[in-house]
Amino acid sequence: MSGVRPVGAAPGPVARTVILAVVGVVFAIPILAMFEFSLRNLAGGYTLSHWAGVFSPTATVTYAAIFTGLGNSLLLAVVTVVIILVILLPTMILVQLQFPRLRRVLEFVCIIPITVPAIVMVVGLAPVYSVVARLAGSSIWTLAFAYGVTVLPYAYRAIQSNLSAVDVVTLSEAARSLGAGWGSVLWRVILPNLRRGILAASFITVAVVLGEFTIASLLNRVNLQTALVQISKSDPFVAVIFSLLALGFAFVLLLFIGRLASDRRTRSVKKAS
């Protein structure tokens, strides 16, 4: 019975290759179709004029709506990352150190947004944003509060996976026994060990914010995705090109996250050996 694989065992090299190939084809077909469409000429054949127009010196004027939406999305990404790191990260560390019994409650609260459709969330947020508009104005950055709720499940999982791999309780107790204050424990001991999770949560947040459309559209805000829909009505080629660039940016972020995880495992193996 030596050839029987145990239940729950990882797939073999052939199975992994087949799975990766199928997944790669599924993702590659629409991306290649978008790229092929961006090269089409209205008169027939293919041309690079659409790509050249995007990178021309006058592109910021010609496609001002897209660049405005891109600037708004980048601002939203930065503010949303700050909200996640200022509110979620300290809460998770506090629960891990002082209130471990509340861990399941915190996990449940953080996972809830992924079960709520975006359009339903907007219906609930609309009255809230009427109050926010009166207090803080209707600037685009206020949309980061809604995005903070949207990215909560993804950021929580990214940080929690790193937090579970580090014995922060022992580290904090050791630092405290050596006379370190809680500020030093957090800044010099805990956060450096959570760097991979923090970076992963930040990059995932940026990717989600750059791709969000429903909330911004229904709340009448202009971000990258709503600008792409607007420009696609007059120039669908440019909208597809910017969509490809956004996908490429998100793909690079995910590769960077994977590289961080790989480097972390490599360092762990070297220390163990």
Query - Side-chain (Asn72) to main-chain (Val222) donor-acceptor, under 3.5 angstrom - result: yes
Query raised in the report: Does a sphere of radius 6.0 Å around CZ in Arg176 hold more than 12 heavy atoms from other residues, nucleotides or ligands, not counting ones at 6.0 Å or beyond?
Result: yes
Query raised in the report: Any idea how Phe237 and His50 line up, ring-wise: parallel (<30°), tilted (30 to 60°), or perpendicular (>60°)?
Result: parallel
Requested in this report: Keeping the roles fixed (side chain from Glu212, backbone from Thr214), state whether a donor-acceptor pair exists under 3.5 Å.
Outcome: yes
Requested in this report: Would you please indicate yes or no on a ring centroid separation below 6.0 angstrom for Phe242 and Phe249?
Outcome: no
Query raised in the report: Is a side-chain donor or acceptor of Ser73 paired with a backbone partner of Leu70 at a separation under 3.5 angstrom?
Result: no
Query raised in the report: Is the backbone N or O of Ser161 less than 3.5 Å from a side-chain atom of Ser164, with the two atoms forming a donor-acceptor pair by type?
Result: no
**Report entry** Exam field: side chain Thr150 to backbone Ala146, donor-acceptor pair closer than 3.5 Å
**Finding:** yes
Requested in this report: Take atom CD of Glu36 as the centre, draw a 6.0 Å sphere, and report whether it contains more than 12 heavy atoms from other residues, nucleotides or ligands.
Outcome: yes
Query raised in the report: Does Thr115 reach the main-chain N or O of Ile112 with its side chain, forming a donor-acceptor pair under 3.5 Å?
Result: yes
Query raised in the report: Does atom CZ of Phe37 have more than 12 heavy-atom neighbours, drawn from other residues, nucleotides or ligands, at distances under 6.0 Å?
Result: yes
Query raised in the report: Going by distance alone, is a donor N or O of one side chain under 3.5 Å from an acceptor N or O of the other, for Tyr129 and Asn220?
Result: no
Query - Common cluster, Leu247/Phe213, ILVMFWY with side-chain heavy-atom separation under 4.5 Å - result: no
Query raised in the report: Have Glu173 and Ser177 got a donor and an acceptor in their side chains that come within less than 3.5 Å?
Result: no
Query raised in the report: Judged by atom type as modelled, is there a donor-acceptor pair below 3.5 Å linking the side chain of Asn193 to the main-chain atoms of Val189?
Result: yes
Query raised in the report: Under 4.5 Å between side-chain heavy atoms, hopping through other hydrophobics if needed: is there a path connecting Val18 to Val23?
Result: no
Query raised in the report: Can any side-chain N or O of Thr47 pair as donor or acceptor with the backbone N or O of Ser49 at less than 3.5 Å?
Result: yes
Query raised in the report: Does atom CD1 of Ile119 have more than 12 heavy-atom neighbours from other groups under 6.0 Å away?
Result: no
Query raised in the report: Any ion pair linking Glu107 and Arg157 (charged N to carboxylate O, less than 4.0 Å)?
Result: yes
Query raised in the report: What residue among Leu125, Val132, Leu219 forms side-chain contact (heavy atoms from CB on, under 4.5 Å) with Leu143?
Result: Leu219
Requested in this report: Look at the rings of Phe55 and Trp51 and say which category their plane angle falls in: under 30° parallel, 30 to 60° tilted, over 60° perpendicular.
Outcome: parallel
